[in-house]
Colleague: 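Next up is a structure, given as structure tokens.
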Amino acid sequence: MVKFQHVNKWYGSLHVLREINLRIAKGEVVVVCGPSGSGKSTLIRCINRLEPIQAGEIFVDGKPLSDPTLDLRALRAEIGFVFQQFNLYPHLTVRENLTLAPMKVRKVSRGEAEAIAAKLLERVGIPDKSNAYPANLSGGQQQRVAIARALAMQPKIMLFDEPTSALDPEMINEVLEVMTGLAKEGMTMVVVTHEMGFARRVAHRVLFMDEGQIIEEGAPQTFFETPGSPRTRQFLSKILSH
Amino acid sequence: MTYKFDWSVLWTGQSGQWLLQGVITTLEISVLAWLLAGALGILSGALRTLPFPPLRVLAAFYVEFFRNVPLLVWMFFWYFAVPPLLPTPLQDWLFNHGAEFWAGMFALGVYHGARFSEVIRSGIQSISKTQFEAALSTGLTTAQAYRFVIIPIALRLIIPPLTNESLNLLKNSSVALTISVAELTFQTRQIETYTAKAFEALTAGTVIYLALCLSIAFVMAQVERRFAIPGLIARVARPEH
């Protein structure tokens, strides 16, 4: 579904992604963790080309992203992206947040878009908030709306960039539950997160990144119990000790 | 004091009609110039925030060129300097169809468009980059993201300075009297010339400008309330509906 081949990226002289090789299969749930500045957000932002790469190639659904004839808009329509800061449209109601892209990109009728929106709000557990504005919702509710907004485009892949890092502790679970449900339905997901409990329970594979490189990858059990690299052990001991 | 007040000059003779025509012309030239300024301001303000260098430079050139020359000079330029460059039939047509009005409206709109542009640019630049990325990542094009997300948010944020600029535009329409557009100031001067009652004539003008500007400020305050973005500081929250 997604393939990285010798991917390198620089910000000026800063080498942020180094020789990334990665394959993500359809239906796979991959958790990416690592210290801040390790390139994990950059990695997933390259998949829908929010960030360009300078060397190597990324394929999504078999199509190379460097292809000059690539329809960027069609690519992005197939890839849901959930941000740390939610980034809902503050001037629109929850319903309008969900219907904008389906109507403008997929050319779905308003009625149909609203029906999809209602169904998705039901699925993320806030059917009664469709007329509210984002500011009237809690952080956890806003992030669930953001997930529903991405799902409204019926994406093939969902990317999550630290979806719970901006949330109060008691709201983290409601968001993780929605994500767990998605994973169970077979959605292909790449999740940048420090929620190691989620990684253990839901991920098929965990990646550890540091200084722009994938240092370690493995099934959750192997990853957490017998990490191979000393750098991974050091990182895990820091985040799991308390 | 030997000056004898005579307020009746404002409603005897043709004064009332002149004032009314002046108000209508002031409103016509201001509304058209405001629409022109709004279109130019949104376009150039948005272009200056996009990652397309040639368009950014073009928009920056527009702003710096038009805001840094006095409005009076622009009025003279569009009225006296430009028409002789046009083909004769077009010149004739223009001077038979109120060339001074169109030159004045154009000068006013283009000058204030450059000023609107900076206000709109600051509104757009106050929106986080990830808000724009969120719109793009749902598949919207850059143009659609601006049209449906970025500009609607920016316009809501800049209503107070936009009100300022709109009031300035209305008041600056008085400069058009220098190219003989018969707007409100022109008409008060005419009453003064005919009656020699400067105080009364200019008082009438003052009061009318004040009333027009206060009405605009009032309307803009309603617009600000109606379109307030819930959750922003010190704004009247819109109830859920």
Side-chain angles (χ1 to χ4, degrees), chain A residues 41 44-45 47-52 71-107 128-137 142 146 149-155 157-159 161 166, chain B residues 42 45-46 49-53 120 122-160 162 220 222-241:
Chain A
S41 291
I44 65 167
R45 288 164 57 87
I47 299 175
N48 70 348
R49 237 178 74 178
L50 281 178
E51 301 281 353
D71 184 350
L72 192 55
R73 174 183 183 168
L75 170 86
R76 287 177 175 156
E78 304 279 292
I79 304 177
F81 200 106
V82 176
F83 294 80
Q84 181 178 351
Q85 296 296 344
F86 330 135
N87 291 316
L88 296 175
Y89 312 134
H91 62 303
L92 301 179
T93 62
V94 166
R95 182 192 291 111
E96 291 163 341
N97 266 273
L98 265 59
T99 55
L100 179 66
M103 285 166 60
K104 301 302 171 190
V105 180
R106 296 250 191 259
K107 311 288 179 203
D128 51 334
K129 294 290 184 188
S130 63
N131 289 321
Y133 285 88
N136 305 128
L137 304 180
Q142 289 191 54
R149 177 176 67 181
L151 292 175
M153 292 298 287
Q154 297 166 323
I157 311 169
M158 286 286 284
L159 308 175
D161 189 3
Chain B
I42 290 173
T49 64
L50 288 175
F52 310 131
I120 287 158
S122 58
I124 293 174
Q125 287 178 341
S126 71
I127 300 169
S128 78
K129 182 168 165 255
T130 52
Q131 180 79 79
F132 177 51
E133 290 174 344
L136 291 184
S137 57
T138 60
L140 296 176
T141 59
T142 298
Q144 287 176 321
Y146 266 70
R147 159 96 173 71
F148 298 111
V149 179
I150 303 300
I151 302 224
I153 297 174
L155 289 178
R156 286 163 163 86
L157 296 174
I158 59 159
I159 291 174
L162 192 64
M220 292 296 269
Q222 302 309 306
V223 170
E224 188 177 349
R225 271 174 75 102
R226 167 70 184 79
F227 289 101
I229 297 175
L232 291 186
I233 192 164
R235 282 170 178 268
V236 186
R238 219 175 340 169
E240 293 182 28
H241 58 75

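Within every chain, numbering begins at 1; the chains are lettered A, B, ... in the order of the sequence lines, protein sequences first and strands thereafter.
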Colleague: Using non-hydrogen atoms only, which part of A:Arg49 is less than 4.5 Å away from chain B: side chain, backbone, both, or neither?
Modeller: neither
Colleague: Between A:Leu75 and chain B, with a heavy-atom cut-off of 4.5 Å, which part of the residue counts as in contact: side chain, backbone, both or neither?
Modeller: neither
Colleague: Shortest non-hydrogen contact from A:Ala135 to B:Gly231?
Modeller: CB-CA, 3.4 Å
Colleague: Do you know which two heavy atoms are closest between B:Ser137 and A:Phe83, and how far apart they sit?
Modeller: OG-CE1, 3.7 Å
Colleague: Could you measure the distance from the OG1 atom of B:Thr138 to the CZ atom of A:Arg73? Nearest 0.5 Å is fine.
Modeller: 9.5 Å
Colleague: Give, for atom CD of A:Gln85 and atom OG1 of B:Thr130, the distance between the pair rounded to the nearest 0.5 Å.
Modeller: 7.0 Å
Colleague: A:Arg45, A:Arg76, A:Gln84, A:Arg106: which one forms the most heavy-atom pairs within less than 4.5 Å of chain B?
Modeller: A:Arg76
Colleague: If you define the side chain from C-beta out and look only at heavy atoms, does anything of B:Gln131 sit under 4.5 Å from A:Pro90?
Modeller: yes
Colleague: Does the side chain of A:Asn87 reach to within under 4.5 Å of the side chain of B:Ser128, using non-hydrogen atoms?
Modeller: yes
Colleague: For A:Tyr89, which atoms come within 4.5 Å of any heavy atom of chain B: side chain, backbone, both, or neither?
Modeller: both
Colleague: Do the side chain of B:Glu133 and the main chain of A:Leu50 share a donor and acceptor less than 3.5 angstrom apart?
Modeller: no
Colleague: About how many Å separate CZ of B:Phe148 and CD of A:Glu96, when rounded to the nearest 0.5 Å?
Modeller: 12.0 Å
Colleague: Please lay out, stage by stage, how B:Leu136 and A:Leu72 fare under the test side chain to side chain contact (heavy atoms under 4.5 Å, CB included).
Modeller: CA-CA 10 Å; B:Leu136 291 184; A:Leu72 192 55; over 6 Å; no
Colleague: Would you call B:Thr141 and A:Val105 a side-chain contact if the rule is heavy atoms closer than 4.5 Å?
Modeller: no
